[in-house]
Engineer: 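One structure follows; several queries about it will come next.
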Amino acid sequence: MTPAWRIRPAGVADVPRLRDWAVAMARETESKALDPATVEAGIRAVLGEPRRGAYFVAEREGVPGGTLMLTYEWSDWRNGDWWWIQSVYVDPACRRQGCYAALYRHVYEAAKATPGVCGLRLYVEHHNAAAQRTYESLGMADAGYRMYEAPTR
């Protein structure tokens, strides 16, 4: 029997792996080449300032297999916070083994147990059908929004 995934908060010792996974995820899903030093500084900024977000790591028998980051968005319509799931990455050797599902269930249960949280959200590339199927299989639904951006740097 395969051991269960254990979910834990990420810490400073996880930064190199989180950086490498973020760089790999951007390359894999968006064909973007991220600057590792910038990504590392961004991860350290979250770990150093919890109001910005939180990282979680799924591991099995002490071996990390995947991660996600939560960020927070205030909703005046709901008088509560949306928790945004971002920076999702599962190591290729751990895919299709319930790693992301374990991460998702962990944050979903935490959101349900935290007063003032109105739900979970995430965004996904239009062409990433495999990820969309995964999110739908966990009970998430297309919210019907398109995302626009205007980078300033």
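All residue numbers in this chain count up from 1 along the given sequence.
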Engineer: Test of understanding: clusters of I, L, V, M, F, W, Y form through side-chain heavy atoms closer than 4.5 Å, transitively. Do Y104 and W21 belong to the same one?
Structural biologist: no
Engineer: Can any side-chain N or O of D81 pair as donor or acceptor with the backbone N or O of W83 at less than 3.5 Å?
Structural biologist: no
Engineer: Go through the structure and list residues passing side chain to side chain donor-acceptor pair (under 3.5 Å) with R121, not counting sequence neighbours.
Structural biologist: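 Per chain and number, R121 pairs via side chain to side chain donor-acceptor pair (under 3.5 Å) with no residue.
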Engineer: Which atom pair, heavy atoms only, marks the closest approach of C99 to G65?
Structural biologist: SG-C, 3.7 Å
Engineer: Should M25 and V124 be counted in the same cluster of Ile, Leu, Val, Met, Phe, Trp and Tyr side chains packed under 4.5 Å apart?
Structural biologist: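 As far as the 4.5 Å side-chain criterion goes, V124 and M25 are not connected within one cluster.
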Engineer: Minimum heavy-atom separation for A10 and L18, please, with both atom names.
Structural biologist: CB-CD1, 3.9 Å
Engineer: Looking at residues at least two apart in the chain, or sitting in another chain, which of them share a side chain to side chain donor-acceptor pair (under 3.5 Å) with T71?
Structural biologist: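 For T71, the residues satisfying side chain to side chain donor-acceptor pair (under 3.5 Å) (neighbours in sequence not counted) are Q86.
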Engineer: Share the residues that join W84 in a hydrophobic cluster, the rule being Ile, Leu, Val, Met, Phe, Trp or Tyr side chains under 4.5 Å apart at the heavy-atom level.
Structural biologist: W82, Y123, M147
Engineer: Could you list all the ring pair (Phe, Tyr, Trp, His ring centres under 6.0 Å) pairs where at least one residue sits in residues 25-47, not counting sequence neighbours?
Structural biologist: none
Engineer: Does the side chain of T67 come within less than 4.5 Å of F56's, by heavy atoms?
Structural biologist: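 Not touching, per the 4.5 Å side-chain cut-off.
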Engineer: Nearest 0.5 angstrom please: S87 OG to I43 CD1, how far?
Structural biologist: 7.0 Å
Engineer: Which heavy atom in V39 sits nearest to a heavy atom in A22, and how many Å separate them?
Structural biologist: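 For V39 versus A22, the nearest heavy atoms are CG1-CB, 3.7 Å.
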Engineer: Checking Y55 now: which residues fulfil ring-ring contact (aromatic ring centres under 6.0 Å, His included) with it, not counting sequence neighbours?
Structural biologist: none
Engineer: Each residue besides V12 in its hydrophobic cluster should be listed here, by chain and number; the cluster joins Ile, Leu, Val, Met, Phe, Trp and Tyr at side-chain heavy-atom distances under 4.5 Å.
Structural biologist: none
Engineer: With a 4.5 Å heavy-atom cut-off, do L122 and V88 have their side chains touching?
Structural biologist: no
Engineer: Among the clusters formed by ILVMFWY side chains lying less than 4.5 Å apart, do I85 and L138 turn up in the same one?
Structural biologist: yes
Engineer: Please name all residues satisfying salt bridge (Lys or Arg N to Asp or Glu O under 4.0 Å) with R60, sequence neighbours left out, ordered by chain then number.
Structural biologist: none
Engineer: What residues form a side chain to side chain donor-acceptor pair (under 3.5 Å) with R6, not counting sequence neighbours?
Structural biologist: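 Checked R6 against side chain to side chain donor-acceptor pair (under 3.5 Å); matches are E59.
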Engineer: Could I get the full list of salt bridge (Lys or Arg N to Asp or Glu O under 4.0 Å) partners for R51, not counting sequence neighbours?
Structural biologist: E49
Engineer: Nearest 0.5 angstrom please: L68 CG to H106 NE2, how far?
Structural biologist: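 Rounded to the nearest 0.5 Å, the CG-NE2 separation comes out at 8.5 Å.
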Engineer: With no hydrogens and no angle check, is any side-chain donor or acceptor of Q132 less than 3.5 Å from a backbone partner on E125?
Structural biologist: yes
Engineer: List the residues meeting side chain to side chain donor-acceptor pair (under 3.5 Å) with D14, not counting sequence neighbours, and say none if there are none.
Structural biologist: R8
Engineer: Output every pair passing salt bridge (charged side-chain N to carboxylate O under 4.0 Å, His left out) with a member in residues 26-36, not counting sequence neighbours, ordered by first then second residue.
Structural biologist: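 Qualifying pairs, neighbours excluded: E28-R95, E30-K32.
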Engineer: L70 and W74: same hydrophobic cluster, using ILVMFWY side-chain contacts below 4.5 Å?
Structural biologist: no
Engineer: What are the two closest heavy atoms between P3 and E61, and how far apart are they?
Structural biologist: CG-OE2, 3.4 Å
Engineer: Quick one: pull up NZ in K112 and CG in L120 and give me the separation to the nearest 0.5 Å.
Structural biologist: 10.5 Å
Engineer: Can you pull the ring pair (Phe, Tyr, Trp, His ring centres under 6.0 Å) pairs that have at least one residue in residues 133-153, sequence neighbours excluded?
Structural biologist: Y100-Y135
Engineer: Is the shortest side-chain heavy-atom distance between W77 and C118 below 4.5 Å?
Structural biologist: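 Answer no - side chains too far apart.
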Engineer: Would you confirm whether T134, through its side chain, and A130, through its main-chain N or O, come within 3.5 Å as a donor-acceptor pair?
Structural biologist: yes
Engineer: Which heavy-atom pair separates I7 from A58 by the least distance, and what is that distance?
Structural biologist: CD1-CB, 3.5 Å
Engineer: Restricting to non-hydrogen atoms, name the atom on Q97 and the atom on A93 that form the minimum distance, rounded to 0.1 Å.
Structural biologist: NE2-O, 2.8 Å
Engineer: Look only at the side chain of S75 and the backbone of R78, and say whether a donor-acceptor pair between them is shorter than 3.5 Å.
Structural biologist: yes
Engineer: So, R44 and E40, do they make that salt bridge, N to O below 4.0 Å?
Structural biologist: yes
